[in-house]
Amino acid sequence: MARTLEPLAKKIFKGILVAELVGVFGAYFLFSKMHTSQDFRQTMSKKYPFILEVYYKSTEKSGMYGIRELDQKTWLNSKN
């Protein structure tokens, strides 16, 4: 019985591993894109504000301050 479940367990493990890797690379790509593009951050603020909030908090925790304020100042000036 245990031998018949081994191939299934390996497939499940590989599937979980692939899903984890896709998630890590996706999160890295999203962070990189938000970190380099203020326009992308503005798009994120309109569509997914909770994700942008996580970005701001993570950069502030790492010691990079002022990104949120700079964005808000730039977006306010662009409306006027």
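Note that the structure is a prediction, hence the values are computed from the model and not measured.
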Tell me every residue that passes side chain to side chain contact (heavy atoms under 4.5 Å, CB included) with [X], counting only those two or more places apart in sequence or in another chain.
| X | answer |
| --- | --- |
| I51 | L30, M34, M44, Y48 |
| Q72 | R68 |
| S37 | D39, F40 |

Checklist entry - Other than V24, which residues form its hydrophobic cluster under the rule that side-chain heavy atoms must be closer than 4.5 Å? => result none
Item to check | Co-members of the apolar cluster containing V18 [side chain, <4.5 Å] | outcome: V22
Next on the checklist: We want to know whether Q38 and D71 form a side-chain donor-acceptor pair, criterion being a heavy-atom distance below 3.5 angstrom.
Outcome noted: yes
Checklist entry - Taking the side chain from S32 and the backbone from F29, do they hold a donor-acceptor pair closer than 3.5 Å? => result no
Checklist entry - Does the side chain to side chain contact (heavy atoms under 4.5 Å, CB included) test come out yes or no for K47 and Q42, once each step is laid out? => result CA-CA 9 Å; K47 292 184 178 181; Q42 188 173 20; over 6 Å; no
Next on the checklist: Tell me whether E69 at atom CD has more than 12 heavy atoms from other residues, nucleotides or ligands lying less than 6.0 Å away.
Outcome noted: yes
Checklist entry - Can I16 be reached from F25 by stepping across I, L, V, M, F, W or Y side chains whose heavy atoms are under 4.5 Å apart? => result no
Item to check | Least distance between heavy atoms, R41 atom then L52 atom | outcome: O-CD2, 3.6 Å
Item to check | ring-ring contact (aromatic ring centres under 6.0 Å, His included) partners for Y55, two or more places apart | outcome: F31
